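All remarks here apply to the structure that follows.
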Amino acid sequence: MQVRTRFAPSPTGFLHIGGARTALFSWAYAKRFQGRFVLRIEDTDVARSTPEAVQAILDGMHWLGLDYDEGPFYQMQRMDQYKVVIQNMLAAGTAYLCYCSKEELDALREQQMQQGQKPRYDGRWRPEAGKVLPAPPQDVPPVVRFKNPTAGVVAWDDLVKGRIEISNTELDDVIIARADGTPTYNFCVVVDDWEMNITHVIRGDDHVNNTPRQINMLNALGAKVPEYAHLSMILGDDGQKLSKRHGAVSVMQYDEEGYLPEAVLNYLARLGWSHGDDEVFDMQQFCTWFDLDHITPSAAQFNTEKLNWLNAHYIKTCDIGKLAQDIAKRLAQAGVSDAPPAQLASALQLYRERANNLNQLAQDIHFFFTLPQANAADVEKHITPETLPIVADFAQKLQTIDWTAEAIHAVMNEVVTTHQVKFPKLAMPLRVMLIGIAQSPSIDQVMMILGREASIARINAYLS
RNA sequence: GUCCCCAUCGUCUAGAGGCCUAGGACACCUCCCUUUCACGGAGGCGACCGGGGUUCGAAUCCCCGUGGGGACGCCA
């Protein structure tokens, strides 16, 4: 049997880190077993769903490289199917009309809460053998409810949490179609997972409570029940629950903040899942390893520092051409749009070793292409009456040498020796003059990339 | 309140009864490298929530506590 998974977000906001991980796991599971990965947009909440959110989700998945084999399917475009199924259920007696108003339901809920009971529908419109139903009110349009079994237990072997059993007495009759006729989430999921032949439902932990109801509906429809794998939630860096108000950010924001999708993907893969001691691996490797057995059932706290470490790794090892393209974009945002490609590549080759963030990297090499603003404290500390003559002597010799890091380095040694000072007496003021700050890779290499003309000009600006 | 779930270093995790004096990674600390800052290398600090069982033997199995989380919508 072919494995079929799906990612079914509701388009009420951007794709956040939790959703991204769910999508990643579903995607990887399908890949692992040469199955199919389906994207389904659950937009039946007309009031909250927006086209912008749909686009944001698509963008997020595209940035991460999570491609789908089928879809995107939109539930709002499948209304006809749902309605047919509802009619069939009504006819079969597995669903019924309920004329309770919202107000009535609210009152019931409140009363039950007060009495310390679990709030639930009391079944007043549920047809039962020998039971006399009230006359339907004229002014209340009915909803459709699923006739949930009243006895026995619903159980499934959750692929991450193990066996879960829930008594049917805990379950009430869910509304499967609203008063306006539109079907609700719990129902659409059932119909879609069934009709789309989903074999493995991998989704957030917050759906555990919906699962027994969905299984009951699947059974009522005579549909095969898929396997379920419920992923625990991801907590913020501070251990708090992520929400729109607190720390939940779009995956696209990671792009803006200087993260490579490879790093985010690798990080997410290891958040709640493991493969022995393996920490660094690409998605191709991941797709050969991923399984549901090694998913942790407990919640995981997001750790930005570890993400940073992975980001550094991928900045160091990614394709230089791709990196240059990305950095050029970021430089342009900072006002540098004419960086010579060869110089940019060299600068990146030198600086990528020490960066853990793309924005930082762009900022680090900014000085190659435009005059830096010197740090006053560094100027004061390193450009002194003592060092100035040393630099001047050095600048003099720069005119005629071969422009290679080795040659520059040799001249530096020479100057330092004749002046009988230690190497930093020359290197440090040079850094400040050329870069604006006192920290950099080997200054000879920096100069080599900066170029003879620019180097001499920047030094001379301090000598005159 | 009711139901469901979870519990190993600060964090992510390995661990399927003896391989565990509990392993790896991030972070942190020390040292080395060094032209400054990084990178890198070598070390170090640091955990099985508590209590009962079961067993020759428990981080691993069971029960009870405790703590955390989730769900109880004509939201998804």
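Below, chains carry the letters A, B, ... as their sequence lines are ordered, and counting in each starts from 1. Scope of the values below: all heavy atoms of this structure, side chains included, with no hydrogens, waters or symmetry mates. Quick caveat: nothing in here was measured; it's all calculated off a predicted structure.
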Considering every strand and a 4.0 Å limit on heavy-atom distances, what is the contact class for [X]: base, sugar-phosphate, or nothing?
X: S298(A); answer: sugar-phosphate
X: D237(A); answer: nothing
X: M412(A); answer: nothing
X: E279(A); answer: base
X: A438(A); answer: base

Between [X] (side chain only) and [Y] (backbone N and O only), is there a donor and an acceptor less than 3.5 Å apart?
X: K425(A); Y: E386(A); answer: no
X: T22(A); Y: G204(A); answer: no
X: R124(A); Y: P134(A); answer: no

Starting the side chain at C-beta, find the nucleotide from [options] nearest to [X].
X: E305(A); options: C4(B), C72(B), A27(B); answer: A27(B)
X: H207(A); options: G24(B), A76(B), U11(B); answer: A76(B)
X: N209(A); options: C3(B), A76(B), G1(B); answer: C3(B)
X: I164(A); options: G1(B), C75(B), C4(B); answer: C4(B)
X: D277(A); options: U35(B), G23(B), U2(B); answer: G23(B)

For C49(B), the Watson-Crick or wobble partner whose two distances fall under 3.5 Å: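 C49(B) is paired, partner G65(B).
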Side chain to side chain donor-acceptor pair (under 3.5 Å) partner of Y259(A), chosen from N357(A), N356(A), N308(A): N308(A)
When you measure from the side-chain N and O atoms of K241(A) to the phosphate of G70(B), is any distance below 4.0 Å, counting only OP1 and OP2? yes
